[in-house]
Amino acid sequence: MSIAPACPLPIQQHETVQMAHGAGGRLSQALMQRIFMPHLSNAFLDQLDDQAKFDIPAGRAAFTTDTYVVSPVFFPGGNIGELAVNGTVNDLAVGGARPLYLSAGFVLEEGLPLQELEIIVRSMAEAARKAGVLIVTGDTKVVGRGQCDKLFINTSGIGIVRKDVSVSCRNLRHGDSIILSGSVGDHGMAIMTTREGLSFQSGITSDSAPLNAMIEAVLEAVPTVHAMRDPTRGGVAATLNELAVSSYAGIEIHEGTVPVRDDVRGACELLGIDPFHVANEGKLVLSVAAADAPKVLEVMRAFDCGREAAVIGSVVADHPGMVVMRTAFGSRRVIDLPLGEQLPRIC
Amino acid sequence: MKYIDEFRDPQLARQLLQEISRKTTRHWTIMEICGGQTHSIMRNGIDQLLPEGIELVHGPGCPVCVTPLESIERALAIASQENVIFSSFGDMLRVPGSSKDLFMVRSEGGDVRIVYSPLDALQIARENPSKEVVFFAVGFETTAPANAMAVYQAAREGMANFSVLVSQVLVPPAMRAILSAPGNRVQGFLAAGHVCAVMGYSEYEPIAAEFGVPIVPTGFEPLDLLAGILKTVEMLEAGTPGVANRYGRVVQREGNPAAQEVIRKVFEVVDRQWRGIGMIPMSGLGLSREYDRFNAEKKFGVSHIVASESPLCMSGSVLQGKLKPDECPAFGRECTPLHPLGATMVSSEGACAAYYNYHRNVSFP
Amino acid sequence: MCLAIPGKLLEISLENGLKMGVVDVNGTKTRACLEYVPEIREGQYTIVHAGFALKVIDEEEAAESLKLWQELIDSGAFDHDGEMPYSAAT
C-alpha cells in the first residue's frame, strides 16, 4: 500500500510575517482578518475602503502625526503599540483638542512573530478604547529581514479644538506657574535599563498613558491655561526650553519640587544621566496664571496620571528664552537642551 | 539615597559655607583636579556661594578630555575595520577626531557598542569568537582597576579575540606639571576622591612637601566639596601645607591594595600625551610586556597614526587652570557642545561643557 | 572623572571565576565585580565605578563627618538666620 503524493498547496497559516503579507494578495487579507480586524474593528474600519469617511463637528480641527521606532518593542510597562496610540492622542490633547480618529501605518520586518504583532495590535485597541478614540484607517507594509527593527508604527490623529481654549507654546506670561503632572524619566529609563549590554535590573516601568481625559477636565475647569506640552524626547528640559524660546520668556524651576521615582533616580545616578533629559510618555507640563494653579492641581490630582502633579516653577522676567534651576543651595544653573542621545557615562 | 542624600543637605551646606567665609581672610586659588567635581560644583552652583576670596579653577581630571587626539584617531581607524566590534564607555563616542567621531563610524557601518563595564566588553568577545573585540581603555587611576581586570581575565581565559586600546593617565604627574608651569596660580588642590580610593594619598605627600601646597582628598557631593574647600582654606590660612583627607568614608591612606596589585601586573608606567597639554613624562599607563599581546595598537597596526589639534582650541590652558572656559575667544562661538573644538567641550564633566551647560549667559547676583 | 555611586550589596556569586555581586542603588540593581573588595559582606555599602566595587564604605567615618558638621552647628559657631553668607568675609 502506498500513499499518494499530496499536491503541494501553499502554506496558509504562518507563524511569522512573510513578505507576501504585505503584497496585497491572499496573505495580506489573512493578516487583516486574523490579526487586525478582530481587535480594531469599528464601523469605519469595517468598510475596508482605502479611506475612512466621517463627519467633523464644526470648529477648528487639530491634525498630527508621529512615527514610533522604539527598541525594544516590548518594554517594562508597555509596548510600541500603546505608545503609538497614546503618543498621538497626547499630541492632540496638549493642543486643547479632543482626539477623535487615528490612522495606523505599520512597517513590519519579515520574520516578526505574528503572536507578537497580535499582542501589539491588541494593546493598540485597548489604548484606543481607554482614550476614547477610533482607529479608522490603516496600512501595512513588509520589509525584508534587517531592514527594520521588528516593526515601526506611524499614527496620525484628528481632533476637535475646544472653542474656549487657546493654548500655544508662545503664550507663556510673566508670573505663570509651571505645573508638571508627575515623576520624570520613567519611560526613558525603563527602556535604557533593558538595553542589551547594560546589565541592570529595575522595577522601572514606562509611564505611557493617555492624557486627554485629564487635560479635558483641566480645560473644563480652567479654560485659560496658557500652554501645554507633553515632555517626551529630550525630557522636561527640552520641553521647558521650547516653551521659554517660543514665548521668549524666562522659566525658573525649583530643584526638589520635581518628582523623580527612587529607582529612576538610582539608575540615573549610576549611568550619569540627568532625569530632566530623559523621555516621558505620560506626563504633562503646563503654564497657567498663578491664581489658577491651585484649581488646576486639584483637578489633575484626581487622575491617576496626575496624582503627583506639582508646581515646579514659574515664568520670570529675567533671562528670556532660558530655563534656570534654583538649586537647593540657593544657587542657580542653566537647564539646557540635552545633547542628542543619552549615553551612560563613567565620568 | 544612602550616602548621597545626607551629603546634599542644604542646611549643613550653609553652615560649611559660613565657616569657609569666616576662615577666609584673603584671595586663594584652589584647583579641583577631577572633572566629576567640576561637574558637581557647576551643577550645584557651589562656586556662586563661596566667598569672593575663594577662586576655584578646574583641573585636567577628565579622561575624555585629555585622551590625546591620536588615540581618538587610532580608535576611529580600528573601529572602521571589518570584523571588529569596537566597545567603549558612552563618554567617548562623541569625542571628535580631526574629521569624525565614533558615532559617525557607527553610521558608516562600523560595529561600535557602548558598554558600562569593561567586563561587558569581555562578554561580547566571548559571545563573538569569530570577531575581534576591542575595548577603548581610557581613564584615570579610578578606572585602571576595571580596565586591568578585563585584560587580566582575558589572559586567564586565554582569549585571543580581545584587545584594548589603552589611554590611561595618572594624576600626580599632572599635578607636578601644573605646579611647575610658569605662571601657575594654583595654591591648593582638592584631590580626586575616587582616584584616591584606588591609590590612597601617600603619593601626594612628597608633592605637598616639595611645592608647599595643601592637598585634600575630597568627595563629590556638595557637602564633601565644601568640607574639602574648608580644609584647604584652613591649611592655606595657617600656612601648613600637607595632605589631609576629607573623604574618609571612601579614602584611606594606603588606597585599595588588591586593585593596585592587578594594575601593577597588567600595566606599567609610560610617557603619555595629554590632549591640550602635551607630553607629560611617566604620566600614563601602558600594557606591561606580559600583557602586550592584548595591545590593540599593535594588533591593528595603528601606532603610526599621529594627529594635531585645532589651533583655535585653548583647552590646554583651561585644563591647567590658566584660563576659565568663558575666557576663551572660541567659547560659545566656534566651540559649542554640538560643534566642539576640543574635548573639554564634549564630556559633560569637561570644564567648558560644564560652563556652557550650566552658566552660559546668566548673570548671577 | 570617575562617576562612582554608593550601593548596597545584595548577593555574591561567582562568574567566569570572578567574584561578582548584585548591588542595589535605590531600587535599581546592577552587577558589580567584587574582586577588589574581598572583605565585603552582603548588606554593606560599596562605591561602584564602571561595574567594579572599589571600596567598602566606612560607615563609622561617614557618620563621623556628618556628626562633626552637625556639631559645628550645635556649638553655636554659626548664625542661624539662614542667610547665605555671600559677603560674610573677605
Side-chain angles (χ1 to χ4, degrees), chain B residues 1-4 6-7 11-12 14-27 34-36 49 51-53 61-63 89 116-120 126 139-140 142-143 145-147 149 153 156-157 192 194-195 197-198 220 223 227 246 248-252 256 258-259 262 349 365, chain C residues 1-8 15-18 20 24-27 30-39 45-66 68-74 77-90:
Chain B
M1 291 175 73
K2 195 159 183 205
Y3 298 117
I4 290 190
E6 309 94 292
F7 295 90
Q11 203 208 345
L12 283 179
R14 215 160 11 239
Q15 309 308 336
L16 284 166
L17 277 161
Q18 282 194 13
E19 186 69 356
I20 292 169
S21 287
R22 213 165 58 81
K23 293 274 167 70
T24 305
T25 65
R26 46 167 291 199
H27 185 278
C34 171
L49 304 174
E52 272 171 42
C62 159
F89 297 124
Y116 169 70
S117 163
L119 293 182
D120 296 338
R126 281 188 205 105
F140 276 80
T142 318
T143 318
N147 292 342
M149 182 58 80
Q153 182 66 10
R156 275 208 327 197
E157 293 183 31
H194 294 144
V195 166
V198 173
F220 296 77
L223 293 192
R246 278 297 173 272
R249 66 187 184 277
V250 170
V251 173
Q252 288 171 324
N256 183 328
V262 176
E349 67 166 23
Chain C
M1 82 201 83
C2 319
L3 191 72
I5 300 299
K8 185 180 184 177
E15 279 174 47
N16 301 302
L18 291 178
M20 300 291 289
D24 177 288
V25 179
N26 228 27
T30 181
R31 279 169 57 249
C33 178
L34 304 178
E35 286 287 319
Y36 297 132
V37 285
E39 75 281 16
Y45 279 75
T46 176
I47 287 273
V48 180
H49 170 76
F52 281 74
L54 292 183
K55 175 76 170 67
V56 179
I57 291 180
D58 190 326
E59 290 185 39
E60 279 174 29
E61 276 284 346
E64 189 60 29
S65 33
L66 286 168
L68 221 66
W69 299 332
Q70 192 63 48
E71 277 171 8
L72 278 176
I73 300 176
D74 298 341
F78 300 115
D79 300 335
H80 284 271
D81 56 8
E83 281 300 302
M84 302 305 284
Y86 283 120
S87 53
T90 73

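Values below: every heavy atom of this structure, side chains too, minus hydrogens, waters and symmetry copies. First the proteins, then the strands, lettered A, B, ... as listed; each starts at 1.
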Atom pair [atom1]/[atom2] of [X] and [Y] - distance to nearest 0.5 Å:
X: B:Phe89; Y: C:Leu3; atom1: CZ; atom2: CG; result: 11.0 Å
X: C:Tyr45; Y: B:Lys2; atom1: OH; atom2: NZ; result: 5.0 Å
X: B:His194; Y: C:His49; atom1: NE2; atom2: NE2; result: 9.5 Å
X: C:Asp58; Y: B:Tyr3; atom1: CG; atom2: OH; result: 8.5 Å
X: C:Trp69; Y: B:Glu6; atom1: CH2; atom2: CD; result: 10.0 Å
X: C:Leu68; Y: B:Leu12; atom1: CG; atom2: CG; result: 11.0 Å

Crowded around C:Glu39 CD? As in, over 12 foreign heavy atoms under 6.0 Å? yes
Search all heavy atoms of C:Gly51 against all heavy atoms of B:Tyr116 and return the closest pair with its distance. N-CE2, 3.6 Å
Taking the side chain as C-beta and beyond, is there a heavy-atom pair between [X] and [Y] under 4.5 Å?
X: C:Leu18; Y: B:Leu119; answer: yes
X: C:Asn16; Y: B:Arg126; answer: yes
X: C:Lys55; Y: B:Arg249; answer: no

Quick check on [X] against chain B: is it the side chain, the backbone, both or neither that has a heavy atom closer than 4.5 Å?
X: C:Glu59; value: both
X: C:Leu54; value: both
X: C:Phe52; value: side chain
X: C:Ile5; value: side chain

Okay, side chain of C:Tyr36, backbone of B:Pro145: is any donor-acceptor separation there less than 3.5 Å? yes
For B:Arg156, give me all partners under side-chain hydrogen bond (donor to acceptor under 3.5 Å, both in side chains), at least two apart in sequence or on another chain. B:Gln153
Counting only heavy atoms closer than 4.5 Å, note whether B:Val250 contacts chain C via side chain, backbone, both or neither. both
